Structure formats: C-alpha cells, structure tokens
Amino acid sequence: MAVAGAVWPLRSFALPAKDWEVHCFSKPFQWMDYNLLCETFAAAGLQGVDYPVRPGGHVLPEKVAADLPKAAAAARRAGLKTTLMTTAILDAAEPHAAAILKAAAGVGIRYYRLGWFDYQKGKPLQDSLQRCNGQLKGLDRLNRQLGIHSSYQNHAGVKVGGPVWDLYEMIKDIDPAYTGVQYDIRHATVEGANSWPLGLELVSRHINTLVIKDVKWVERNGKYVLENTPLGEGMVNFPAFFKKVKELNIHAPISLHLEYELLTKQEEALPAAQKQRIVLEKLRKDVQALRGMLAAAGL
C-alpha cells in the first residue's frame, strides 16, 4: 500500500538471501558484564547483541562515548555483531541523542530502535500523529548524515504504534531507506489476534528489523493477564507469521527477546557461572526453536 506519488525501494536494507542475522536483546542479561554476556550469546548460537543504550540500560547514554565501544569490542571478540541497538530516543534535539547515534555509527551499528510516542491528552489523535511524524523527519535527517537507520516498534498498549495502523499513518510519507519499523509479532498478536496480518502487510515496506518473542493469556485471581513464554509455548502463530514474512519478501535482522522468567529468586543468588549455565540452556532452546521455525517456513 504505497503512498501516492512515492516509490520506495523494496528492501534497500535487506540481508543477503537466507542469511538471517539473529541478535538477542540484552536487557534480561544486564547482570552480566559485556564479556560474559557475549560469551554466553555466542555459545547459544546467536549472531549478535542488541544492547539497550538508554537510561537504566546495558550502556548508559551519559557514558556512551566510552562504554559503547567497549560493548562492541566484547561482541567482536566473541565473534558477534552489533548491528542493532535499542534506545529511548524520540527527537534529534534531545540530550544525548546525537552523541548516542554518532557513537553507534562509529562502532558499526546500523539500526536503532526508538522510544515510544504518547498521544497528547485533550487533542485529536491525528494531531499527535502529525507531531510524531515531524519528530521522525528530524531524526531521518540525522540518520542520513550518520548513515544509520531508526526503527519504531509496534508495542501493545495505548501509546502510538499499538494498533499498527496508527504507526503507518505516522510513517507513511517517510522514505524507509533510513527510517522504518521494528515489527514485533508478539505485540501485534496481543492487539490483533486475528487481524495482525493486515497490519503486517500495511507496514511491510517500512520494516527494517523484526522482534521475535511469545506470550499467552492466563487467568489469575479471576482476571486474564499476559504471561511471556519461551518460543512456541504461547499463542503467537509463528508458522502463519513466517509464511506471511516470506510472501511479503521481508528479510531483516532479528532481535530475539526473552521476557519470561530466566532465573528464580533463589537462582539469582547463585554465583555468576552457575546462573550463566541456567540462562544459557534457556537461550539455546529459543535460538534452536527460532531456527527451526525459519527452516520450516523455507526461510
């Protein structure tokens, strides 16, 4: 569904055919230093690290110039890439934004996830989308200067991008060469259990990264709540998703997220080496499950 008068390239950011690059979001592993983290990710069969470079992240914005090169060097020593990172950036003019993106471009990071926009209270929804569109265009100019690409994630809830259709309205007139979408099938399933293929198709030309994780609804104390699960144990229809990915010719770096419990409270008190063995087993299982899903879909 192209914007009138615009002709976007099909996949200017695509990877070589069949070369699915799987990173892992390091947020649940922030108790590890960079070296232990990267050794663990490499042992699990991953290709890269998706570092959170944001307040409270694995790399702090105020220390990005010193710490991001250290994090990237640890990845290289383990044979891993740092193609992706996750930020809280929403505006090119905000503190640390330019410094973060310059440091990222300097260590070879190609894609960064943005923060999430809020709808403005008391104003029409469309006004909020126009404001967000303007901020994305400001970032797009900075992206082009640095040769880096931004990705806006669809996230379940009431922020911009939850329904996916609003994300499209916000981004439809921006060239996807440097500003695109990080499509998250877990969140899309929560918000559109049966309709998610429509949203996926709508934003498909803008997708430059993918997030893979699973979830299910469970009943607790008379209420239904979301519970994150290992891949294949939740309600995400991965066979249908990857079939659609293939049909739409989507091929982009993947960020694998493990948002379920990796360590019990008792296990959190164990020495680092013992904790590493526990989480490595779970990580390997998800990596193998993802590779199996890709293979089953002919990807």
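Predicted, not measured: the structure shown is a model, and the values here were computed from it. Residues take their numbers from the sequence shown, with the count starting at 1.
- Between Val53 and Ile109 the shortest side-chain heavy-atom distance does not fall below 4.5 Å.
- Under a cut-off of 6.0 angstrom, the local environment of CD in Glu281 is sparse, with at most 12 non-hydrogen atoms contributed by other residues, nucleotides or ligands.
- Atom NZ of Lys159 is separated from atom CG of Leu167 by 14.0 Å, given to the nearest 0.5 angstrom.
- Here the closest non-hydrogen pair linking Gly45 and Val287 is O-CG1, 4.0 Å.
- Between Lys244 and Glu201, at least one side-chain N (NZ, or NE/NH1/NH2) sits under 4.0 Å from a carboxylate O, which counts as a salt bridge.
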### Task
In sequence, state the C-alpha distance, the side-chain angles, and the governing distance for Leu200 and Glu247, and then conclude on side chain to side chain contact (heavy atoms under 4.5 Å, CB included).
CA-CA 11 Å; Leu200 175 60; Glu247 289 175 359; over 6 Å; no
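- Connection of Tyr178 to Tyr152 is not established within any shared hydrophobic cluster, with ILVMFWY side chains joined at heavy-atom distances below 4.5 Å, either directly or through further cluster members.
- Between Tyr111 and His149, the ring planes are tilted. Angles from 30° to 60° get that label.
- Residue Trp20 holds its CH2 atom at 8.0 Å from CD1 of Ile212, rounded to the nearest 0.5 Å.
- Residues Leu294 and Val211 are members of separate hydrophobic clusters, defined by side-chain heavy-atom contacts under 4.5 angstrom among Ile, Leu, Val, Met, Phe, Trp and Tyr.
- Screening residues 60-72 for side-chain hydrogen bond (donor to acceptor under 3.5 Å, both in side chains) gives no qualifying pairs among residues at least two apart or on separate chains.
- In summary, the side chains of Asn228 and Arg186 do present a donor paired with an acceptor at a separation below 3.5 Å, with no hydrogens or angles considered.
- Within the 3.5 Å criterion, the main-chain N or O of Gly232 finds a donor-acceptor partner in the side chain of Asp214.
- Within the model, atoms CD1 of Ile171 and NZ of Lys137 stand 11.0 Å from one another, a figure rounded to the nearest 0.5 Å.
- Across all non-hydrogen atoms, the minimal contact from Trp196 to Phe241 is CH2-CA, 3.4 Å.
- Asp286 places a side-chain N or O within donor-acceptor distance of the main-chain N or O of Leu231, the cut-off being under 3.5 Å.
- To the nearest 0.5 Å, atoms CZ (Arg76) and OG1 (Thr82) are separated by 7.0 Å.
- When hydrophobic clusters are built by joining Ile, Leu, Val, Met, Phe, Trp and Tyr residues whose side-chain heavy atoms come closer than 4.5 Å, directly or via intermediates, Leu60 is not grouped with Leu84.
- With 3.5 Å as the limit, one finds no donor-acceptor pair spanning the side chains of His206 and Lys172.
- To the nearest 0.5 Å, atoms CG (Leu262) and CD (Glu268) are separated by 9.5 Å.
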Atom pairs and distances, donor-acceptor, side-chain atoms in residues 33-44, under 3.5 Å, two or more places apart:
| residue | atom | partner | partner atom | Å |
| --- | --- | --- | --- | --- |
| Asp33 | OD1 | Asn35 | N | 3.2 |
| Asp33 | OD1 | Leu36 | N | 2.7 |
| Tyr34 | OH | His58 | O | 2.8 |
| Asn35 | OD1 | Arg77 | NH2 | 2.7 |
| Thr40 | OG1 | Leu36 | O | 2.8 |
| Thr40 | OG1 | Gln276 | NE2 | 2.9 |

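- For Gln135 and Arg131, the side-chain atoms include at least one donor-acceptor pair closer than 3.5 Å.
- Listed here is the closest heavy atom pair of Val64 and Ala103: CG2-CB, 3.9 Å.
- At distances below 3.5 Å, at least one donor-acceptor pair connects side-chain atoms of Asn133 with backbone N or O atoms of Met170.
- Side-chain contact between Lys275 and Ile278 is absent, with no heavy-atom pair separated by less than 4.5 Å.
- Across all their heavy atoms, Lys81 and Ala75 have their closest contact at O-CB, 4.5 Å.
- Salt-bridge formation is detected for the pair Lys285/Glu233: a Lys NZ or Arg NE/NH1/NH2 atom is positioned less than 4.0 Å from an Asp or Glu carboxylate oxygen.
- For the 3.5 Å distance criterion, the side chains of Gln182 and Ser255 fail to qualify, holding no donor opposite an acceptor.
- Of the candidates Val181, Val245, Asn249, Ile250, Ile250 is the only one forming a side-chain contact (heavy atoms from CB on, under 4.5 Å) with Ser204.
- For the residue pair Ser151 and Thr209, the shortest heavy atom distance occurs at OG-OG1, 3.5 Å.
- Under the 4.5 Å side-chain criterion, counting only non-hydrogen atoms from C-beta, Trp217 is in contact with Val190.
- Using a distance-only test at 3.5 Å, with no hydrogens or angles considered, no donor-acceptor pair links the side chain of Asp184 to the main chain of Gln153.
- In this structure, Tyr51 contributes its side chain and Ala71 its backbone to a donor-acceptor pair below 3.5 Å.
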### Residue pair Met85, Arg54: steps toward the side chain to side chain contact (heavy atoms under 4.5 Å, CB included) verdict
CA-CA 10 Å; Met85 73 172 178; Arg54 60 188 184 183; over 6 Å; no
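- Annotation: Lys282, atom NZ; neighbour count of heavy atoms from other residues, nucleotides and ligands within 6.0 Å is above 12.
- A side-chain donor from one of Asn143 and Tyr112 sits under 3.5 Å from a side-chain acceptor of the other.
- Gln47 contributes a side-chain N or O that, together with a main-chain N or O of Val22, makes up a donor-acceptor pair within less than 3.5 Å.
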### Message
Let's go through Asp50 and Arg113 carefully: what are the C-alpha distance in whole Å and the side-chain angles of both, what is the deciding distance for side chain to side chain contact (heavy atoms under 4.5 Å, CB included) to 0.1 Å, and is it a yes or a no?
### Response
CA-CA 10 Å; Asp50 177 358; Arg113 192 178 93 193; 5.7 Å; no
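- Of the possible polar contacts, one joining the Asn208 side chain to the Ser150 backbone as a donor-acceptor pair under 3.5 Å is found.
- No path of Ile, Leu, Val, Met, Phe, Trp and Tyr side chains, each step under 4.5 Å between heavy atoms, connects Val158 with Trp116, placing them in separate hydrophobic clusters.
- Side-chain atoms of His23 and Thr83, non-hydrogen and from C-beta on, do get closer than 4.5 Å to each other.
- Within the 3.5 Å criterion, the main-chain N or O of Gly56 finds a donor-acceptor partner in the side chain of Gln30.
- Formation of a donor-acceptor pair under 3.5 Å by the Ser26 side chain with backbone atoms of Phe29 is not found in this model.
- Taken to the nearest 0.5 Å, the CD atom of Gln130 stands 11.5 Å off from the CG atom of Leu125.
- A donor-acceptor pair under 3.5 Å is absent between the side-chain atoms of Gln120 and the main chain of Asp118, judged by distance alone.
- Looking at Ile185 and Phe238, their side chains come closer than 4.5 Å, going by heavy atoms from C-beta outward.
- Ring planes of Phe25 and His257: parallel class, angle under 30° (limits at 30 and 60°).
- Ion pairing of Asp175 with Arg144 is present here, as a side-chain N (NZ or NE/NH1/NH2) and a carboxylate O approach within less than 4.0 Å.
- Residue Leu258 is grouped with residue Val236 when hydrophobic side chains (ILVMFWY) are merged at heavy-atom distances under 4.5 angstrom, including chains of intermediate members.
- Shown here for Ile89 and Glu94, the closest heavy-atom pair between the two residues is CA-OE2, 3.1 Å.
- Leu139 places a side-chain heavy atom less than 4.5 Å from the side chain of Leu114.
- Side-chain contact between Asp166 and Tyr119 is present, with at least one heavy-atom pair separated by less than 4.5 Å.
- The shortest distance between side-chain heavy atoms of Asn237 and Thr189 does not fall below 4.5 Å.
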